[in-house]
Colleague: 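My questions will all concern the structure given below.
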Amino acid sequence: MELTDQEKVLQEVITKAWEDSSFKQELINSPEAAIEKLTGKKVRIPKGKTLVVRDQTDESTIYVNIPEQQSFDDVELNEEQLEAVAGGIKFPPIIFPGPPIFIDPIPLPYPVIDIKAPDQPL
């Protein structure tokens with residue numbers, strides 16, 4: 001799958017931040033100016049929104065981003081989406097960026113016992 005222009009710019013910004021600590025600090029302090037300086041392209045942020053950059057490179061910390069709650073009351077499906085719902089076509093999975101988070105299972109307060117068939121002794 002080919003990256004969109006926005007994804008390419010984002011990848012360029014992230015790569016530069018990994019390689020250049022002074023750029024990373026500039027990006028954290030003034031993201032729009034840092035991105036424009038790097039790419040030569042003006043950053044367009046929707047009215048009423050703010051661009052926030054957080055350094056999440058500390059491997060000893062797990063970060064969780066709580067996204068904006070979506071309202072589905074005003075959502076209208078396009079023809080392709082309506083056809084997919086009606087025809088049972090599966091959408092591709094949603095993939096979240098970042099490393100996977102593994103959660104250990106909760107230990108049981110008692111030992112697990114295998115249940116044998118009635119004709120077998122325990």
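Numbers here simply count residues along the sequence, with the first being 1.
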Colleague: Distance from Leu38 atom CG to Leu27 atom CG, nearest 0.5 Å?
Modeller: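 Leu38 atom CG to Leu27 atom CG measures 9.0 Å (nearest 0.5 Å).
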Colleague: Which atom pair, heavy atoms only, marks the closest approach of Asp58 to Tyr63?
Modeller: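 Scanning both residues completely, I find the closest heavy atoms to be CB-OH, 3.7 Å.
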Colleague: Of all the heavy-atom pairs spanning Glu36 and Lys42, show the shortest one and how long it is.
Modeller: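 What the structure gives for the nearest pair is OE1-CD, 3.6 Å.
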Colleague: Working to the nearest 0.5 Å, report the span between CZ of Arg44 and CD of Gln6.
Modeller: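 Result: 7.5 Å between the selected atoms.
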Colleague: Is it true that the side chains of Ser21 and Gln25 contain a donor and an acceptor less than 3.5 Å apart?
Modeller: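 The answer is no; no qualifying pair exists.
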Colleague: Mind checking salt bridge (charged side-chain N to carboxylate O under 4.0 Å, His left out) for Lys49 and listing every partner two or more places apart, or none if nothing turns up?
Modeller: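 Lys49 satisfies salt bridge (charged side-chain N to carboxylate O under 4.0 Å, His left out) with Glu68 once adjacent residues are dropped.
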Colleague: If hydrophobic clusters are built from ILVMFWY residues whose side chains come within less than 4.5 Å, do Ile28 and Trp18 share one?
Modeller: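 In one cluster: no.
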Colleague: CD1/Ile45 to CD/Glu32 distance, rounded to the nearest 0.5 angstrom?
Modeller: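 Nearest 0.5 Å value for the CD1-CD distance: 5.0 Å.
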Colleague: Contact between Asp5 and Lys41 at the side-chain level, heavy atoms closer than 4.5 Å - yes or no?
Modeller: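 Not in contact.
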Colleague: List the steps, then state whether side chain to side chain donor-acceptor pair (under 3.5 Å) holds for Ser22 with Glu26.
Modeller: CA-CA 6 Å; Ser22 64; Glu26 183 180 349; over 6 Å; no
Colleague: Are Ile14 and Val9 connected in the hydrophobic side-chain network, where two residues link if heavy atoms are under 4.5 Å apart?
Modeller: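 The answer is no; the residues belong to distinct hydrophobic clusters.
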Colleague: Quick check on the hydrophobic clustering: are Leu10 and Ile35 connected, directly or via other members, by side-chain heavy-atom contacts under 4.5 Å?
Modeller: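 Unlinked, Leu10 and Ile35 end up in two clusters.
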Colleague: Has Lys8 got more than 12 heavy atoms of other residues, nucleotides or ligands less than 6.0 Å from its NZ?
Modeller: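 Yes - once you tally the heavy atoms of other residues, nucleotides and ligands closer than 6.0 Å, there are more than 12.
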